[in-house]
Amino acid sequence: MEGLEVSKLKGYDLAINIRKIDNIDKLANNPDVEKIDIINGYVNIRLKQEYYKKIELNTDREHKVVAIEYPSVNPNKPWHIGHLRNAIIGESMYRILKLKYDKVERIDYIDDLGLQVAQSYWYYTKYGVSNEHDKFDHRVGIDYVKVNQMFQDNEHEIREILRQMEENNIARDFVDKVLDAQLETAKLYGIGADYRIYESDIKRDIFEVGLNKLKDLGYIEYIDNGDLKGTYVTKLGKKVIIRSDGTATYLGKDITFQMWKAGIIDGLKFIKKDNTWYSHNKGEFKNIKANIIINVIGIEQSSHQNEIKEIFKQIAPEVNYLHLAYQRVKLKQGHFSGRSGNWIGYTADDLYREALNRTNNHDLALASIKFFILKHNPKTEVIFDWDKALSTTGDSGVYVLYSYVRMLGLERNALVQPNLESLDDDDRELLKYLLMYKSSIDKAIRYLDPSVIAEYVLNIAESFNSYYSKHRISNNPSKLWVVNKIKILYEKMLNCLTIPIVSSI
RNA sequence: GGGCCUGUAGCUCAGUUUGGAUAGAGCGACGGCCUUCUAAGCCGUAGGUCGUGGGUUCAAAUCCCACCAGGCCCGCCA
């Protein structure tokens with residue numbers, strides 16, 4: 001049954017454009033086919049009901065290693081809704097990828113050497129921490145807004161802090177405190193990581209190796225005159241990788257890290273904590289050797305990502321380097337900005353609290369937030385609106401879970417054993433979704449877009465609810481069998497969307 | 001100036017990569033449906049120059065070209 005699409009006509013299961021098939025007789029004689037009819041230029045196929053008995057939810061598996069990076073939030077502020085979008089898209093993509101690839105590793109990058117952290121750490125050592133919130137990441141984030149107003153007058157001191165951080169890693173404990181608070185949010189939303197890698201460890205253990213490799217391979221060159229005198233730049237785009245003072249740019253550090261993911265360079269050590277490998281100077285060597293590298297990063301970094309992609313084409317053409325670009329979440333007033341503090345009141349923690357307020361249920365709160373985020377194509381700009389985000393009707397997470405609980409209710413109240421005796425056209429309408437399983441997963445992976453699955457789930461829910469209101473199910477063996485089949489599919493897809501499976505709401 | 005993304009119903013969005021059946025949902029509006037498995041639901045009505053103009057094709061929302069509008073990127077910031 002390869003190459004066929006699902007029929008749009010009731011009473012038929014599969015279809016194919018008549019121009020795209022050369023042997024209709026062969027199709028008609030297929031043992032799984034009950035009958036075919038040509039309607040509106042399409043060969044419509046009705047399958048024998050036995051076909052549905054043996055159908056399984058399988059994908060074509062590939063023996064490849066995938067590294068997916070998200071959400072890599074700067075450790076000096078709480079997650080806001082934009083960070084949450086990144087995290088939820090990443091986690092959902094991870095679950096989807098696992099259906100196809102042997103090994104999928106989630107990587108969270110901790111930028112503990114950035115200017116942002118230096119600013120926050122400078123303020124922290126000088127003035128302590130605000131008490132305007134009970135969570136440490138929020139407190140530091142609120143202070144960060146203040147630092148920004150003080151930055152110009154204190155830039156020299158802050159740059160010196162940054163230098164010391166790079167040299168002696170003096171901010172690591174501070175960063176870890178913020179990170180611990182951020183991870184409470186991650187845990188609340190069910191966002192996990194297999195590796196958490198600190199920039200300071202990258203700098204200490206693999207940076208030199210990476211740059212030497214690039215020099216050896218001839219992909220970067222030294223500039224000895226002009227504006228860029230004293231720097232190393234990429235041969236292709238002439239982007240600076242090492243500054244004239246010998247320090248690395250963001251691009252330089254990033255390329256090194258990506259090279260490590262692919263196993264081109266080695267040397268990072270890790271210790272295990274709560275099922276996650278954390279980079280650490282006193283750990284064991286580990287590597288990933290990814291065949292496919294996916295980075296969940298804002299669309300505004302597209303040219304930067306393309307730069308790395310081009311370099312990868314040269315140094316490791318066998319590695320598939322992909323950018324899952326997502327559009328930022330905006331407020332009506334404009335973009336989120338850590339500096340301006342306009343995220344205050346719009347953190348991931350605030351969103352959860354408000355969702356809980358509206359639904360009075362932990363799982364429904366999570367489902368409504370997650371579904372709202374995932375139903376949008378990542379490239380769609382989302383203008384945040386409380387009522388839309390936390391809607392409990394229509395194409396919402398609540399609707400999606402409500403439908404699932406209905407399925408469970410039918411099983412609970414069953415008066416007979418589920419058993420496929422006969423299928424009517426309405427049963428077939430619902431069972432069609434089983435036929436779409438493989439192509440839906442493939443499409444979500446090909447486009448790097450979990451909204452494909454969100455749409456799929458929503459369509460199943462709509463069809464099921466319609467079916468539910470039309471038929472009495474609990475006393476009908478065939479219909480109970482159909483619902484059970486759909487329920488198994490539905491659970492699998494909810495898991496892909498990271499939406500919790502609940503028994504009642 | 002160069003590059004990328006977006007433009008589909010009043011609003012928010014699917015559908016565009018692989019051209020193909022009458023362009024689909026949700027919200028909002030209007031009208032129905034709870035003595036029967038969860039009404040956070042279901043059924044129906046109204047609502048479309050698919051940004052504009054060309055081209056390719058038996059066939060274009062989908063492919064090509066030009067243009068218009070909005071957003072983003074192009075730093076020895078990250």
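Numbers restart at 1 for each chain; the letters A, B, ... are given by sequence-line order, proteins then strands. Only a predicted model underlies this, so the values are computations on that prediction, with no experimental measurement involved.
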Legend entry - Side-chain ion pair, E199(A) and K203(A), N-O less than 4.0 Å: no

Legend entry - K261(A)-N295(A) side chain donor-acceptor pair, cut-off 3.5 Å: yes

Inset, instruction - Could you work out the separation of rU6(B) and rG10(B) based on their P atoms and round it to a whole Å? - result: 22 Å

Inset, instruction - Tell me what D227(A) touches on the nucleic acid: a base, only sugar-phosphate, or nothing, going by heavy atoms under 4.0 Å. - result: base

Legend entry - G-U wobble or Watson-Crick pairing nucleotide for rA69(B) (cut-off 3.5 Å, both distances): rU6(B)

Legend entry - N/O donor-acceptor pair, side chain S303(A) with base rC73(B), under 3.5 angstrom: no

Inset, instruction - Sticking with atom C1', work out how far rU45(B) lies from rA9(B), rounded to a whole angstrom. - result: 15 Å

Inset, instruction - Could you please name the option among rC4(B), rG26(B), rC74(B) that lies closest to any side-chain atom of D395(A)? - result: rG26(B)

Inset, instruction - For the pair D425(A) and R46(A), find out whether any cationic side-chain nitrogen is under 4.0 Å from an anionic carboxylate oxygen. - result: yes

Legend entry - Passing candidate, side chain to side chain donor-acceptor pair (under 3.5 Å) with Y321(A), options K309(A), K313(A), E310(A), Q305(A): Q305(A)

Legend entry - Aromatic stack Y250(A)/rC77(B): centroid gap under 5.5 Å, interplanar angle under 30°: no

Inset, instruction - Using heavy atoms to find the nearest nucleotide of RNA chain B for S503(A) and V382(A) separately, return the residue whose nucleotide is more 5′. - result: V382(A)

Inset, instruction - Looking at every strand, decide which applies to K379(A) at a 4.0 Å heavy-atom threshold: base, sugar-phosphate, or nothing. - result: sugar-phosphate

Inset, instruction - State whether N413(A) places a side-chain N or O below 4.0 Å from either non-bridging phosphate oxygen (OP1 or OP2) of rU38(B). - result: yes

Legend entry - From rA78(B), rG71(B), rC76(B), nucleotide with atom closest to E381(A) side chain: rG71(B)

Legend entry - Rounded P spacing from rG7(B) to rU12(B) in Å: 12 Å

Inset, instruction - Indicate, with a heavy-atom threshold strictly under 4.0 Å, whether S403(A) touches base, sugar-phosphate, or nothing. - result: nothing

Inset, instruction - For rA46(B) versus rU8(B), give the span between their P atoms, rounded off to a whole number of Å. - result: 23 Å

Inset, instruction - Please report, rounded to the nearest Å, how far the P atom of rA78(B) is from the CD1 atom of I308(A). - result: 13 Å

Legend entry - Euclidean distance, atom CD of residue Q327(A) to atom P of rG70(B) [Å, nearest integer]: 16 Å

Legend entry - R243(A), nearest nucleotide to its side chain (from rC76(B), rC42(B), rA21(B)): rC76(B)

Legend entry - Proximal nucleotide (of rU38(B), rA21(B), rC37(B)) relative to the R412(A) side chain: rU38(B)

Legend entry - From rC43(B), rG15(B), rG41(B), nucleotide with atom closest to N377(A) side chain: rG15(B)

Legend entry - Presence of T380(A) side-chain N/O under 4.0 Å of rG7(B) phosphate oxygens OP1/OP2: no

Legend entry - Interatomic distance at P, rC64(B) relative to rU17(B), whole Å: 9 Å

Inset, instruction - Can you figure out which of rA21(B), rA40(B), rC37(B) approaches the side chain of S474(A) most closely? - result: rC37(B)

Inset, instruction - Would you tell me whether D176(A) and Y198(A) have side-chain atoms, one donor and one acceptor, within less than 3.5 Å of each other? - result: yes

Inset, instruction - When you get a sec, tell me which of rC72(B), rA21(B), rU16(B) is the closest nucleotide to the side chain of K8(A)? - result: rA21(B)

Legend entry - Candidate nucleotides rA40(B), rU18(B), rC72(B), ranked by approach to the side chain of T392(A) - the nearest: rA40(B)

Inset, instruction - With the side chain of L364(A) defined as its heavy atoms from C-beta on, choose the nearest nucleotide among rC76(B), rC37(B), rA40(B). - result: rA40(B)

Legend entry - Pair D201(A) + R196(A), salt bridge at N-O below 4.0 Å: no

Inset, instruction - May I ask you to say what T393(A) touches in the nucleic acid, namely base, sugar-phosphate or nothing, with a heavy-atom cut-off under 4.0 Å? - result: sugar-phosphate

Inset, instruction - Would you mind classifying the nucleic acid contact of L9(A) as base, sugar-phosphate or nothing, using non-hydrogen atoms under 4.0 angstrom? - result: base

Inset, instruction - Pick base, sugar-phosphate or nothing for R406(A), based on heavy-atom distances below 4.0 Å to the nucleic acid. - result: sugar-phosphate

Inset, instruction - Report yes if a side-chain nitrogen or oxygen of R19(A) is closer than 4.0 Å to either non-bridging phosphate oxygen (OP1 or OP2) of rG19(B); otherwise report no. - result: no

Legend entry - Side-chain donor/acceptor contact of S244(A) with base of rC76(B) under 3.5 Å: yes

Inset, instruction - Please work out if L251(A) contacts a base, only the sugar-phosphate, or nothing of the nucleic acid, heavy-atom cut-off 4.0 Å. - result: nothing

Inset, instruction - Using the C1' atom on both, measure rA14(B) against rC50(B) and round to a whole Å. - result: 13 Å

Legend entry - Electrostatic pair D424(A)-K479(A), nearest N-O below 4.0 angstrom: yes

Inset, instruction - Indicate, with a heavy-atom threshold strictly under 4.0 Å, whether D111(A) touches base, sugar-phosphate, or nothing. - result: sugar-phosphate

Legend entry - R472(A) side chain, from C-beta outward: closest of rU16(B), rG41(B), rU36(B): rU36(B)

Legend entry - P atoms of rC65(B) and rC13(B), separation to the nearest Å: 27 Å

Inset, instruction - Find the distance I18(A):CD1 to rC58(B):C1' and express it as a whole number of Å. - result: 14 Å

Legend entry - Electrostatic pair K100(A)-E62(A), nearest N-O below 4.0 angstrom: yes

Legend entry - rC34(B) OP1/OP2 closer than 4.0 Å to side-chain N/O of Y468(A): no

Legend entry - Sugar-phosphate only, base, or nothing, as touched by K229(A) at under 4.0 Å among non-hydrogen atoms: base

Inset, instruction - Using the six-membered ring wherever Trp is involved, compare the ring planes of Y433(A) and Y456(A) and label them parallel, tilted or perpendicular (cut-offs 30° and 60°). - result: tilted

Inset, instruction - Pick base, sugar-phosphate or nothing for L115(A), based on heavy-atom distances below 4.0 Å to the nucleic acid. - result: nothing

Inset, instruction - Would you kindly compare R358(A) and E462(A) by the position of their nearest RNA chain B nucleotide and give the one closer to the 5′ end? - result: E462(A)

Inset, instruction - Rounded to whole angstrom, note down the P distance from rU62(B) over to rU56(B). - result: 15 Å

Inset, instruction - Rounded to the nearest angstrom, tell me the gap between atom CG in L390(A) and atom P in rA40(B). - result: 18 Å

Inset, instruction - Once you apply the 3.5 Å cut-off to both distances, tell me the Watson-Crick or G-U wobble partner of rC63(B), or none. - result: rG55(B)

Inset, instruction - Send over the distance from D385(A) CG to rG26(B) C1', rounded to a whole Å. - result: 14 Å

Inset, instruction - Indicate, with a heavy-atom threshold strictly under 4.0 Å, whether G409(A) touches base, sugar-phosphate, or nothing. - result: sugar-phosphate

Inset, instruction - Would you please confirm or rule out a distance under 4.0 Å between OP1 or OP2 of rG75(B) and any side-chain N or O of H304(A)? - result: no

Legend entry - Syn/anti state of rC34(B) by chi, 90° boundary around 0: syn

Inset, instruction - With heavy atoms under 4.0 Å as the rule, sort S469(A) into base, sugar-phosphate or nothing. - result: sugar-phosphate

Inset, instruction - Please work out if Y399(A) contacts a base, only the sugar-phosphate, or nothing of the nucleic acid, heavy-atom cut-off 4.0 Å. - result: sugar-phosphate

Inset, instruction - Evaluate the side-chain hydrogen bond (donor to acceptor under 3.5 Å, both in side chains) criterion for residues Q314(A) and K235(A): first the C-alpha distance (whole Å), next the side-chain angles of each, then the deciding distance (0.1 Å), finally the verdict. - result: CA-CA 11 Å; Q314(A) 306 225 351; K235(A) 269 196 175 160; over 6 Å; no

Inset, instruction - Determine the contact category for L401(A): base if any of its heavy atoms lies under 4.0 Å from a base atom, sugar-phosphate if only primed atoms, P, OP1 or OP2 are that close, otherwise nothing. - result: nothing

